[in-house]
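Inspection log for the structure reproduced underneath, given as structure tokens.
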Amino acid sequence: MFLKAYGEIKTRLREVLAQKNWEVDDLKLEEPREIADLATAVAFKISSKTDKKPIEIAKEIENQLNQKTLEYVEKTEATEPGYINFFFSQKQLKNHLNQLIHQKKEIGTIKEDKGNVIVEHTSANPTGPLHIGHLRNAVIGDTLENILEKSGYNTQTQYYLNDMGKQMAILLHGIREYGLGTNKSQDEAIGEIYSKTNSEDHEIDQEEVQDIMQKLENKDKETKRELDQIVDKCYKGIQKSLKQLNIQIDEVIKESKFVFDDSVEEIFQQLKPFIEIDDGAAQIEFDEIDKELVLKREDGTSVYALRDLAYHKWKAQKATNNIDILGSDHKLYSKQLKKTLELIGIKPPETIIFEFVSLPAGEMSTRKGEFISIRELFEEVRKKAYEEVDERRKKPREWKQEVAKEVAIAAIRYDFIKVAPNKPISFDLEKAVSFKKQGAPFIQYSHARASNILQKSGKDKTKIQAINDPVINDLVKHISRFSYVIQKSAEKRKPHLFAEYLFELASKFNQFYRDKTVLDSEQPKRQNRLAVVELTKKALKEGIQTLGFEAPKEM
RNA sequence: GGGUCUGUGGCCUAGUGGAUAAGGCUCCAGCCUCCUAAGCUGGUGAUCGCGGGUUCAAAUCCCGUCAGGCCCGCCA
């Protein structure tokens, strides 16, 4: 309803401004908490172009606005020094809320066809297990996908799996030398060998590495098969780590695909007019970027960039929107990639760059074997969650384990998603394990409380009758913003906005929970409050699932 | 050195042109005979790194400066 009201006000405001001949290119509505539902400061902008005071203009606009009744707006006002405030229709709000309680489809889903979008995320090299740096990538990607899906996109996630090039050649060389044991998790075993191969006490046989690279480039089936075995094993471990946190990749695309089906060569030919040869290497130079992009080495083998270009060309044909989630170390490269695609008329991807996750001790490195793996993190958090559940509820062990698992997944994911991507994170395991209030368990707990009331309520009719009580009004109004926040979060590609919204919802429900007795209250109130609880529970559950974790009924 | 991102109460984070800068942690004072206290209420605490500028209006835009991260590979 919030979304509809927003649209209605904006449209009407545009009409009025056009009538008055006041052109404003950037018409934006604000949400001034406590003051009004929506507001605009458009009068200030107009004022600077005319000789009228903002408040006079605001009053004129407000007058004109009210020439036509608005469906979702009950009251407007022009206030000093020149804002126009909008207050929503309580009747419409109530209707809307009652619809939400009874509708089949989930709360917040926007019925619109916004086209296909591929979200490429994580895409870590199969040279070891995923660590918490990759986790930030995975959580942002997966959550964004859920939010986009809810806002009307048809989404797919892809993992671009590197199985070509120098790094992989080095890995294969290392495995040939040390062999791959079978006793432990394969991604971990591979990670150990990879870091051993790169360590200072080991000398890399450059000739062999060169040979492997050449063979792969020339589509040598035997070498490909040998490497495939390793890559597949490692990816299996990666996939398991992701699954642990409720992250599912829809499609895995191997880099070699584009060499083997000749699309790398095809795009290379397409780029020919822009390519320059420097010391035998084929590269592209840019006017606006200071650094050239190498596509092929002196020996004719392709570099990652060229294969990635072929991948992006392929993706551009499959979806209208492509979003890549990348670490900030890829910033320069992604700029080059986009420019290069534009040269040959291919729509470049959008990129969401996230800053690094560091440990209190310093940086993580797969090559050096310094990192906290997702597995370790998950185990730690789950252990802690189990202690917490165990302390509070007398229940069977399996039940406590299940809840602990759900809480752990939620706590980890929420911790990463609530921070805007462009902020660097210093990851402290101690702090991550101690459940802070501003985290997922708090939200899950609110849902459990709501569920508990409903479970004990029996069969009472669910219809919201009165929403004039301030505590209730605050809560239900917040729920009415659900699809609006989904929309905003999706269009701005900012999943943390939704994470914050959901925390506020939980917080508002807890205030309601304290102030308003539900089960033991007198009848018109009981039914009304019960309906509010049901609606809140629905919204919390839907929001929790959108963030990629579960909402236990009890915890 | 060049590019880029970040800098908000003791700590973590939101807000990136609009009305008193919003939360959480910590600390202090309260609230379980009453639907799950993983909760709630109140309080202490901020010249938004620093200095200029633009604007009716700046945490937000511009310039400079300091501090930290990342990048500047024929790696990915």
Side-chain angles (χ1 to χ4, degrees), chain A residues 26 28 30 32-36 39-42 44-45 47-48 53-54 79-83 85 123-125 127 160 162 164-168 170 255 278-283 289-291 294-299 301-305 307-308 327-333 335 353-356 358 363 367 385 388-389 391-393 407 418-426 428 431 434-446 448-457 496-497 499-500 503-504 506-507 509-511 513-521 529-530 533 554-555:
Chain A
D26 186 31
K28 207 175 89 182
E30 290 142 44
R33 38 190 312 147
E34 315 285 315
I35 301 171
T40 176
V42 72
F44 294 97
K45 292 203 163 59
S47 165
S48 60
K53 278 186 176 170
T79 60
E80 290 286 356
Y83 298 96
N85 294 330
S123 301
N125 290 343
T127 52
Y160 189 44
N162 174 23
M164 293 276 311
K166 199 182 240 173
Q167 285 188 16
M168 296 319 293
I170 290 171
E255 225 181 294
D278 184 61
D279 280 340
Q283 62 183 39
I289 307 171
D290 239 10
K291 184 73 198 165
V294 175
L295 301 179
K296 276 189 180 181
R297 301 183 181 89
E298 196 183 353
D299 65 7
T301 55
S302 63
V303 175
Y304 170 80
R307 301 188 294 267
D308 200 23
S328 70
D329 53 338
H330 284 66
K331 212 177 269 185
L332 171 64
Y333 167 72
K335 230 170 162 182
I353 307 280
F354 64 91
E355 291 296 324
F356 267 52
S358 62
E363 296 307 312
R367 208 156 35 76
E388 301 275 339
V389 184
E391 204 175 283
R392 290 181 174 88
R393 309 282 173 240
V407 169
K418 73 176 181 193
V419 182
N422 56 358
K423 288 259 195 184
I425 294 180
S426 172
D428 191 335
K431 281 183 187 158
S434 76
F435 302 113
K436 288 151 289 187
K437 185 191 158 179
Q438 206 166 31
F442 173 81
I443 300 169
Q444 288 175 310
Y445 183 68
S446 315
R449 279 179 142 184
S451 303
N452 193 44
I453 293 176
L454 293 173
Q455 196 239 323
K456 289 182 177 169
S457 68
H496 75 276
L497 295 180
E500 204 195 343
F503 169 76
E504 278 172 37
S507 184
F509 177 71
N510 277 326
Q511 284 159 39
Y513 185 94
R514 176 206 147 104
D515 282 1
K516 310 292 170 196
T517 307
V518 179
L519 297 176
D520 293 337
S521 55
R529 291 178 182 177
L530 214 43
V533 174
E554 289 177 70
M555 64 179 276

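Remember, predicted model here, so these are calculated numbers, not experimental data. Naming: A, B, ... by sequence-line order, numbering from 1 per chain.
For A:Arg514, the salt bridge (charged side-chain N to carboxylate O under 4.0 Å, His left out) criterion is met by no residue, not counting sequence neighbours. Shown here are the salt bridge (charged side-chain N to carboxylate O under 4.0 Å, His left out) partners of A:Glu554, two or more places apart in sequence or in another chain: A:Lys395. Applying the salt bridge (charged side-chain N to carboxylate O under 4.0 Å, His left out) criterion to A:Lys296, with sequence neighbours excluded, gives A:Glu265. Residues passing the side-chain hydrogen bond (donor to acceptor under 3.5 Å, both in side chains) test with A:Gln438, sequence neighbours excluded: none. Residues satisfying the side-chain hydrogen bond (donor to acceptor under 3.5 Å, both in side chains) test with A:Tyr333, not counting sequence neighbours, are A:Asp308. In terms of the salt bridge (charged side-chain N to carboxylate O under 4.0 Å, His left out) criterion, residue partners of A:Lys331 (sequence neighbours excluded) are, by chain and number, A:Glu355. For A:Lys418, the side-chain hydrogen bond (donor to acceptor under 3.5 Å, both in side chains) criterion is met by no residue, not counting sequence neighbours. Under the rule for a side-chain hydrogen bond (donor to acceptor under 3.5 Å, both in side chains), the partners of A:Asn125 that lie at least two apart in sequence or sit in another chain are A:Asn162, A:Gln167.
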Checklist entry - For RNA chain B, what is the dot-bracket line, given that a base pair needs Watson-Crick (N1 to N3, plus N6-O4 or O6-N4) or G-U wobble (N1-O2 and O6-N3) geometry with both distances under 3.5 Å, and | means paired with another strand? => result (((((((..((((....[...)))).(((((.......))))).....(((((..]....))))))))))))....
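Taking 4.0 angstrom as the limit, A:Gln444 places none of its side-chain polar atoms (N or O) nearer than this to OP1 or OP2 of B:A38. At the phosphate of B:C5, neither OP1 nor OP2 sits under 4.0 Å from any side-chain N or O atom of A:Asn422.
Across B:G1 and B:G15, the matching P atoms stand 32 Å from one another, rounded to whole Å. Using P as the reference atom, B:G39 and B:G7 are 28 Å apart when rounded to the nearest Å. Of the P atoms belonging to B:G45 and B:G23, the separation is 16 Å, rounded to the nearest Å. Distance noted for atom P between B:C50 and B:U55: 23 Å (whole Å). B:U41 and B:C32: their P atoms are spaced 15 Å apart (whole Å). Here, B:C71 and B:C25 have their P atoms 35 Å apart, quoted to the whole Å. For the P atom pair drawn from B:G43 and B:A22, the interatomic distance equals 13 Å after rounding to whole Å. Spacing between B:A58 and B:G73 at atom P, rounded to whole Å, works out to 43 Å.
If you measure from atom CD of A:Glu504 to atom C1' of B:G39, you get 18 Å, rounded to the nearest angstrom. For the pair A:Gln511 CD and B:G23 C1', the computed distance is 12 Å after rounding to whole Å. Between A:Tyr83 atom OH and B:G17 atom C1' there is a gap of 10 Å when expressed in whole angstrom units. Regarding A:Phe44, its CZ atom lies at a distance of 12 Å from the P atom of B:C56, rounded to whole Å. Straight-line distance from the NZ atom of A:Lys28 to the P atom of B:A19: 10 Å, rounded to whole Å. Per the geometry, CE belonging to A:Met555 stands 12 Å off P belonging to B:A37, to the nearest Å. With rounding to whole Å, A:Asp290 atom CG is found 10 Å from B:U4 atom P. What separates OH of A:Tyr445 from C1' of B:C40 is a distance of 10 Å, to the nearest Å.
Contacts of A:Asp428 with the nucleic acid, taken as non-hydrogen atoms under 4.0 Å apart, are absent. Among the protein residues, A:Lys335 comes within range of no part of the nucleic acid, since none of its heavy atoms lies under 4.0 Å from any strand. Among the heavy atoms of the strands lying under 4.0 Å from A:Ala39 is at least one base atom, whether or not backbone atoms are also near. Contact annotation for A:Arg33: backbone-only contact, meaning every heavy-atom pair under 4.0 Å involves sugar-phosphate atoms and none involves a base. Counting non-hydrogen atoms under 4.0 angstrom, A:Thr301 reaches nothing in the nucleic acid. As judged by a 4.0 angstrom heavy-atom cut-off over every strand, A:Val533 is placed among residues making no nucleic acid contact. If you check every strand for non-hydrogen atoms under 4.0 Å, A:Leu497 touches sugar and phosphate atoms only. Nucleic acid contact class of A:Phe442 (heavy atoms, under 4.0 Å, all strands): sugar-phosphate only.
When all heavy atoms are compared, the tightest approach of A:Phe509 to A:Ser446 is CE2-O, 3.5 Å. The shortest heavy-atom contact between A:Val407 and A:Pro441 is CG1-CG, 3.9 Å. The minimum heavy-atom distance linking A:Ala39 with A:Asn85 is given by the pair CB-OD1, 3.3 Å.
Each of A:Ala36 and A:Val389 has a nearest nucleotide on RNA chain B; the 5'-most of these lies closest to A:Ala36. Of the two residues contacting RNA chain B, namely A:Val419 and A:Ser507, the nearest-nucleotide position lying further toward the 5' end is that of A:Val419.
Taking the syn range as angles within 90° of 0, the glycosidic angle of B:C32 is syn.
The backbone N or O of A:Leu454 lies less than 3.5 Å from a partner atom in the side chain of A:Ser457, making a donor-acceptor pair. Although no hydrogens or angles enter the test, the distance criterion places no donor-acceptor pair under 3.5 Å between the side chain of A:Arg449 and the main chain of A:Tyr513. A distance-only check finds a donor-acceptor pair linking the side chain of A:Arg297 to the backbone of A:Ser302 [under 3.5 Å].
Judged by atom type and distance alone, A:Asn510 does not reach the base of B:A38 through any side-chain donor-acceptor pair under 3.5 Å.
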Next on the checklist: Treating primed atoms plus P, OP1 and OP2 as sugar-phosphate and everything else as base, which nucleotides of nucleotides 69-76 of chain B get B, S or - for protein heavy atoms under 4.0 Å?
Outcome noted: BSSSSBBB
Checklist outcome for this item: Once base and sugar-phosphate atoms are separated, protein heavy atoms under 4.0 Å mark nucleotides 25-35 of chain B, 5' to 3', with B, S and - as S---------B
Got a list of protein N/O to nucleotides 8-11 of chain B N/O distances below 3.5 Å?
none

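Between atom CD1 of residue A:Ile35 and atom OG1 of residue A:Thr79 there is a gap of 7.5 Å, rounded to the nearest 0.5 Å.
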Checklist entry - Checking side chain to side chain contact (heavy atoms under 4.5 Å, CB included) for the pair A:Met555/A:Glu388: CA distance, chi angles, key distance, verdict? => result CA-CA 10 Å; A:Met555 64 179 276; A:Glu388 301 275 339; over 6 Å; no
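In A:Lys516, the NZ atom is crowded: over 12 heavy atoms of neighbouring residues, nucleotides or ligands sit closer than 6.0 Å.
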